[in-house]
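Written out below as C-alpha cells is the structure these notes cover.
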Amino acid sequence: MRLLIDTSTVQFRVAGLAKPKQDYKDKERQAVTRDGEPVWSLRLDAIDTERETKETIWVEVAGNEPKLTFDGYAVVHGLVFAPWVGRDNKIRRAFRADAVEPA
C-alpha cells in the first residue's frame with residue numbers, strides 16, 4: 001500500500017545529491033522501473049515548519065537525474081510512503097516521489 005503524504009507544511013533541504021539506486025538482484029547495475037526509467041536515491045531533510053521538527057529521509061525518484069544543489073531547498077511532488085518487509089521480517093521505510101526539483 002502506498003500512502004500519499006501531505007507536504008504542505010514541510011520544507012525539504014538537500015542533504016545528499018542523487019545517486020543511482022542499485023538494482024535489487026545485480027548490485028553493479030542501476031535499478032530501473034518497469035518502463036525502463038532509471039531510479040535515483042537522494043537524502044533529504046524534511047523540516048516540518050508547523051511542528052518545528054526535522055527528519056532525514058531517503059527518497060527514490062524515477063526518470064532523469066534530479067539536478068539539485070547540496071544544502072539547497074527542493075520541491076517534492078507526489079511523495080508517498082510505501083513500507084515493505086525485508087528478508088529479516090522487519091518493516092522497512094520507503095519514500096518515493098513523482099519528481100524532485102530545485103525550489
* Asked: What are the two closest heavy atoms between P66 and V61, and how far apart are they?
  -> CG-CG1, 3.6 Å
* **Side-chain heavy-atom pair T7, V76 within 4.5 angstrom cut-off** => no
* Taking all heavy atoms of V14 and all of A74, pick out the closest pair and write down the distance. => CG2-CB, 4.1 Å
* Structure fact -> All heavy atoms of S41 vs all of W58, minimum pair found to be OG-CE3, 3.5 Å
* **Note: E65-K19 ion pair, threshold 4.0 Å (strictly below)** => no
* To do: Enter the distance from L17:CG to T69:OG1 here, rounded to the nearest 0.5 Å.
  => 8.0 Å
* Asked: So do R2 and F81 actually touch side chain to side chain, heavy atoms under 4.5 Å?
  -> no
* If you group Ile, Leu, Val, Met, Phe, Trp and Tyr by side-chain heavy-atom gaps below 4.5 Å, do L79 and L4 land in one group? -> no
* Asked: Tell me, do V100 and L68 make a side-chain contact under 4.5 Å, heavy atoms counted?
  -> yes
* Check: H77 and E101 side chains under 4.5 Å, non-hydrogen atoms -> yes
* Exercise: identify the closest heavy-atom pair between A82 and R96 -> CB-NH1, 3.4 Å
* For the residue pair W40 and N64, establish whether any side-chain heavy-atom pair is separated by less than 4.5 Å. => no
* Does a donor on one side chain and an acceptor on the other come within less than 3.5 Å for T56 and D45? -> yes
* Would you check if the distance from the ring center of Y73 to the ring center of F12 is below 6.0 Å? => no
* Donor + acceptor pair across side chains of D6, S8 (<3.5 Å) -> yes
* Do T33 and V39 have side-chain heavy atoms sitting under 4.5 Å apart? -> yes
* **Same apolar cluster: I5 and L42, side chain cutoff 4.5 Å** => yes
* salt bridge (Lys or Arg N to Asp or Glu O under 4.0 Å) pairs, two or more places apart, involving residues 71-81 -> R13-D71
